[in-house]
Amino acid sequence: MKRLMIEDMDRLVYLSAPELRCDAGEVVYIASGARPDGAGFVSEARRLSLGPRAGQETIVVAAGCDLARYSPDGSRIACLSSMSGERQIWLWEEGQLRQLTKLRHGVSDFSWAPDGQSLLWEALLWPEETDSPFGEMTQEEKRVWEQRREREPIVVEELIYKLDETGLFDGSVHQIGVTGLDGVSRLLTRTPYEHRKPVLSPDGRTVVYYGYPDGSIHRLRAQIFALLLPQEDQDGDEEKTAPEFPAERQITHEDYLIDTCPLLFDPADDTGERMVALSYVKEEEGFLQLPQLFDLEKGSPCPLFEKPCPAGEINNLAVGRNAYGREGSPCAFDESGETFFFSAIWMGSQHIFGYERATGEFRCLTREGSSVQAFAAPKRGNLVFLNSTLLRPAELYRQEAAKSLPYRLTDENGWLSGYELSQPVAMDVPSADGRATIHGWYLKPAGLAEGERAPAVLDIHGGPDCSYTSCFWYEFQYLAAGGTAVVYCDPRGSIGYGPGHRAGDCAYGEEAKSDLLTFLDAVISLGFIDEKRCGVTGGSYGGYMTNRMITETDRFAAAVTQRTLCNLSTSYGTGDMGFVTGKKDFHSMLGMLKERVNSRTTTLGLVDRIHTPLLILHGTKDYRCSFEQSEQLFIAMKERNPQVPLRFVAFPGENHGLTREGSPWAQKAHLKEMADWFRIYLKAEEERDEETKC
């Protein structure tokens, strides 16, 4: 059988955004793959029948599409497509596509009205454009506009002024509007802050959405807003931008909402005034992500769950897997509102759970070893979800309520069956202090003969509040195909093992470091790894831990620090880590600055202790662990430790998501740099002797 090559990465097909039709007889989803030039991805919406011939034929609905949603009656599909240049809403009906919106800079997201006669959308606009947001620019108009924007200075007056995902804030914000099936549109908001994820109430009268009215440290803190949609908005014969905008009403004020999850109206509420939002809730163990019920009139929340969540909380920060596309909502009601479905990571798997509101009981609907990346809101007792396995990127699965086993609907990455892949093996290891059990996996190198010992790489995930799951990661398989074993686990500080697993400062204390080395030693004891030829790597928090490992021990023969974090005091002023962390942990920025300046976790001052050959990999537009972190580490090593082999590789234009959503060419180049570094410095002595003779 063949072994994976770097170029094979371009063959991966990434699925995302599954949605069931109302009768559960059909599903629409997005399929994405690398562009021929490697500069990005191409995506299209595909329909798949779930009838007798399920899985046999897919139909392309729209090209250049990254989101598709059925109308409430299932007769139409709204698609977010860039076929005309900007991403606009296109309507598919009776096999034909027609463009519905013509926003100046396109549409970012949308949702259907309950009656299926209009769509709510959010669109990026600059303040001067709210009076004329409609009319898609020609290519020449866009070129001139982009040139003008590039020359204009960006004024910074707020404490939070950039994010890794968006770059520097340039004065543009997302506004909300509505478009009927006749193409008539109206802008509904114009206040100078973000408006995201609009949803219309069951009676079609009230729009609810996330707004971000606060400044300073709370600039990224979402609150729930509502506005009444005047009845006359449904009528008319032209796009409307009249100054008489509906009055916005702020529903919440001090709540810490998780804005990645759209607001959900409660189907069991006859008044249409009650909705669910994910929130950070203070519990004894700390802040947990849990669903809260909010009333449109009162605004005050109350818990949806009457009993503790079996996974502790609704947390889906899975890492170390091949995925691309929009993240779906981790929560959904069934049609009656009697069951609340959600996905969450637990014990190395990413499951779908069902919460029965009448009894207060939870059910786990997926099997151990699942890695559910997204699921569609259940229809008629059917679940459709994207599930990755240890040997295959996510494919589409269907599971009927009456059956316990799901069956696969797609085989987009079936070509992998022709390759010799390494089967990851799960393993539980007691921590050195006896206070935890560390869950993880190892991959033996492909073709490793009985009695042979291979080099190995310990891979450390980022976060630290995220988790590996039972899914496919090309990076691990490629290293294994080249003869290197891979070891990875979830040390303390990781999610998905209960609040106690990440209590206190364990991620930055001795616990996490000890857990990683203890797990590595347990795999070495199995006898197939040469402990003198072990490397270590990781990105973000994993990059920090890689730095820490090589400043505290010489046991590793090579190291690759990715998206590194080596000086937390300067990261405060140059990356967005403080902003993101402050949003969740509720620290003041002043307190965080003091904490970071005096932090014992800064490793830059310890470069004299590094004797391990070191490769540094970083994207130049990383605003999370800013690029200057790698620059500082490189300069310090060159000045203080010039005898240690060192290489610094920068990836122009790539941000913190380089190895996950970065351009295909950058992902391949990044993987090749890492694999080549380990190939050189993890060689056996006899191999090096042979090279020396040559």
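On a predicted model such as this, the values are computed, not experimentally measured, just so you know. Counting begins at 1 with the first residue of the sequence.
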Tell me every residue that passes side-chain contact (heavy atoms from CB on, under 4.5 Å) with [X], counting only those two or more places apart in sequence or in another chain.
X	value
P645	P613, W677, Y681
E356	T339, T359, R363
T166	L163, F169
T252	Q223, I224, D255, L257, F294

Check your understanding: Does the ring center of Y623 lie less than 6.0 Å from the ring center of H656?
Key -> no
Review point. Below 6.0 angstrom between ring centroids: does that apply to F648 and F634?
Key: yes
Check your understanding: Does a side chain donor of either Y212 or D259 reach within less than 3.5 Å of an acceptor in the other side chain?
Key -> yes
Exercise for review: Establish, from distance only, whether the side-chain atoms of Q562 and T537 form a donor-acceptor pair under 3.5 Å.
Suggested key: yes
Practice item. Can you sort out the partners of K307 under side-chain hydrogen bond (donor to acceptor under 3.5 Å, both in side chains), two or more places apart, ordered by chain and number? Key: E361
Review point. Between R435 and E510, is there a salt bridge with N-O shorter than 4.0 Å?
Key: no
Exercise for review: Name all residues meeting the salt bridge (Lys or Arg N to Asp or Glu O under 4.0 Å) criterion together with D521; count only those two or more places apart in sequence or in a different chain, and write none if there are none.
Suggested key: R555
Exercise for review: Determine which pairs satisfy salt bridge (Lys or Arg N to Asp or Glu O under 4.0 Å) with at least one residue from residues 436-458, sequence neighbours left out, and list them in order.
Suggested key: none
Which residues pass the ring-ring contact (aromatic ring centres under 6.0 Å, His included) test with [X], sequence neighbours left out?
X	answer
H439	W441
F353	F342, H351
Y355	F305, F362

Under 3.5 Å donor-acceptor pairs involving side-chain atoms of residues 604-611, not counting sequence neighbours:
| unit_1 | atom_1 | unit_2 | atom_2 | d |
| --- | --- | --- | --- | --- |
| D608 | OD1 | R640 | NE | 3.4 |
| D608 | OD1 | R640 | NH2 | 3.4 |
| D608 | OD2 | R640 | NH2 | 2.4 |
| H611 | ND1 | D554 | OD1 | 3.2 |
| H611 | ND1 | D554 | OD2 | 3.3 |
| H611 | ND1 | R609 | O | 3.3 |

Practice item. Among residues two or more places apart or on two chains, list those pairs meeting side chain to side chain donor-acceptor pair (under 3.5 Å) that have a residue in residues 485-497. Key: D433-R492, H461-D490, H461-S494, S467-D490, D490-Y497, R492-D515
